[in-house]
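Because only heavy atoms are used, hydrogens play no part in the values below, and waters and symmetry mates are left out as well, while side chains stay in. By convention in this document, chain letters (A, B, ...) are assigned in the order of the sequence lines, proteins followed by strands, and residues within each chain are numbered from 1.
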Amino acid sequence: MTADSLRAAFARPTLDVARSLLGMRLVGDGSNRRIVGRIVEVEAYLGPADRASHARFGETARNRPMYGDPGRAYVYLVYGMYHCLNVVTEPAGTPHAVLIRAVEPLEGVELIRAARLRAERLRRRSIDPAELERVHARLERTPADRLAAGPGLVGAAFGLDRTLNGSDLLDPANPVHLEAAPADEPAFSIATSARVGIAYAGPPWSSEPWRFTIAGHPSVSR
DNA sequence: GCAAGGATATCG
DNA sequence: GATATCCTTGCA
């Protein structure tokens, strides 16, 4: 697939793009070796009319990347401590995006554990050694399946921050990018549900079934 | 059940 | 400039 046709795939209707992101690989190229996660949970945000979308107030300094090219990144900080990754969809000027909510770690599990520990250290005001050791022990006990089972955890696992805003997720040279699933990967079924954490948007937006998961997958958030 | 934590949008 | 709110997580 050429770069242009891949780009065109992300310019398609956001709900279609969201479903097709399931199973794709999120790849981080650290200084050491690759981190690879299989996308198992996403949510679609459908522009200014969608009262749950960051685009609901129109274009601002924060959401500007949503107005850019499809296939690029929109990264935001939520609750003051978690970086969340979105893939921009639809043609430039249409501020739609898909939030990557969870991935299944496939490669670089120990690198992900190290990145999770770094993130925990960063978001604490003090670094009490005893507490740090408790966090470390907890991460060692955490099954690989659960290391990136939530949008903030995806950000921590891949060391994401807002410097990635607007970067091209379809460019293999980008520090974080997307890759297609292997052709021989088994089929899976897709479950739909309401989006998480957006009650403030009110009906009908709070109940639209625009959250998509690989049905029954252990790495889906709870 | 709730605190942590900081940027953001909106209001005065 | 002040403040309410937030596409969350981990521990009490």
If you look only at pairs with a residue in [range], which of them pass as a side-chain hydrogen bond (donor to acceptor under 3.5 Å, both in side chains), with sequence neighbours excluded?
range                       : value
residues 66-84 of chain A   : A:His54-A:Tyr74
residues 130-141 of chain A : A:Arg124-A:Glu131
residues 155-164 of chain A : A:Asp161-A:Thr163

Nucleotide [N], atom [atom2] - distance to [atom1] of [X] in whole Å:
X        : N     : atom1 : atom2 : answer
A:Arg51  : B:dA9 : CZ    : P     : 13 Å
A:Tyr79  : B:dC2 : OH    : C1'   : 13 Å
A:Arg101 : C:dT8 : CZ    : C1'   : 9 Å
A:Leu122 : B:dA7 : CG    : P     : 14 Å

Side chain to side chain donor-acceptor pair (under 3.5 Å) against A:Arg62, all qualifying residues, sequence neighbours excluded: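 Expected list: none.
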State which residues pass side chain to side chain donor-acceptor pair (under 3.5 Å) with A:Arg123; sequence neighbours excluded, sorted by chain then number. A:Glu120
Ionic contact status for A:Glu43 with A:Arg195, cut-off 4.0 Å: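 A salt bridge is absent here (no side-chain N lies under 4.0 Å from a carboxylate O).
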Could you tell me whether A:Arg64 and A:Glu59 have a side-chain N and a carboxylate O separated by less than 4.0 Å?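 Salt bridge present between A:Arg64 and A:Glu59.
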Please tabulate, for side-chain N and O atoms in residues 211-218 of chain A, each donor-acceptor pair with protein atoms closer than 3.5 Å (sequence neighbours left out).
residue: A:Arg211; atom: NE; partner: A:Glu41; partner atom: OE2; Å: 2.9
residue: A:Arg211; atom: NH1; partner: A:Ser193; partner atom: OG; Å: 3.0
residue: A:Arg211; atom: NH2; partner: A:Glu41; partner atom: OE2; Å: 3.0
residue: A:His217; atom: ND1; partner: A:Ser219; partner atom: N; Å: 2.9
residue: A:His217; atom: NE2; partner: A:Glu104; partner atom: OE1; Å: 2.9

For DNA chain B, what dot-bracket results from Watson-Crick or G-U pairs at under 3.5 Å, with [ ] for crossers and | for inter-strand partners? ||||.||||||.
If we ignore hydrogens and angles and just use 3.5 Å, is the side chain of [X] paired with the main-chain N or O of [Y] as donor and acceptor?
X        : Y        : result
A:Ser20  : A:Asp16  : yes
A:Arg146 : A:Ala144 : no
A:Arg121 : A:Arg118 : no

If you compare every side-chain N and O of A:His54 against the phosphate oxygens of B:dT8 (OP1, OP2), does one of them come in below 4.0 Å? no
Using a heavy-atom cut-off of 4.0 Å across all strands, would you classify A:Arg222 as base, sugar-phosphate, or nothing? nothing
Exercise answer: donor-acceptor pairs, residues 105-112 of chain A side-chain atoms, under 3.5 Å, sequence neighbours excluded:
residue: A:Glu110; atom: OE2; partner: A:Arg113; partner atom: NH1; Å: 2.9

Does anything in residues 194-208 of chain A reach DNA chain C, meaning a heavy atom under 4.0 Å, and if so which residues?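 DNA chain C contact set from residues 194-208 of chain A: A:Val196, A:Gly197, A:Ile198, A:Tyr200.
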Could you please name the option among B:dG5, C:dC7, B:dT8 that lies closest to any side-chain atom of A:Met81?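 So the side chain of A:Met81 is nearest to B:dG5.
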Does the structure show A:Tyr45 stacking with C:dC7, if we require the centres to be closer than 5.5 Å and the planes to be within less than 30 degrees of parallel? yes
Enumerate the residue pairs fulfilling salt bridge (Lys or Arg N to Asp or Glu O under 4.0 Å) with a member in residues 166-179 of chain A, sequence neighbours excluded, ordered by first and then second residue.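 Qualifying pairs: A:Arg7-A:Asp168, A:Arg34-A:Glu179.
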Nucleotide N/O of nucleotides 10-12 of chain C paired with protein N/O under 3.5 Å:
residue: C:dG10; atom: OP1; partner: A:Arg116; partner atom: NH2; Å: 2.7
residue: C:dC11; atom: OP1; partner: A:Arg138; partner atom: NE; Å: 2.5
residue: C:dC11; atom: OP1; partner: A:Arg138; partner atom: NH2; Å: 3.3
residue: C:dC11; atom: OP2; partner: A:Arg138; partner atom: NE; Å: 3.2

The correct set of residues in residues 56-69 of chain A placing a heavy atom under 4.0 Å from DNA chain B is A:Phe57, A:Thr60, A:Arg62
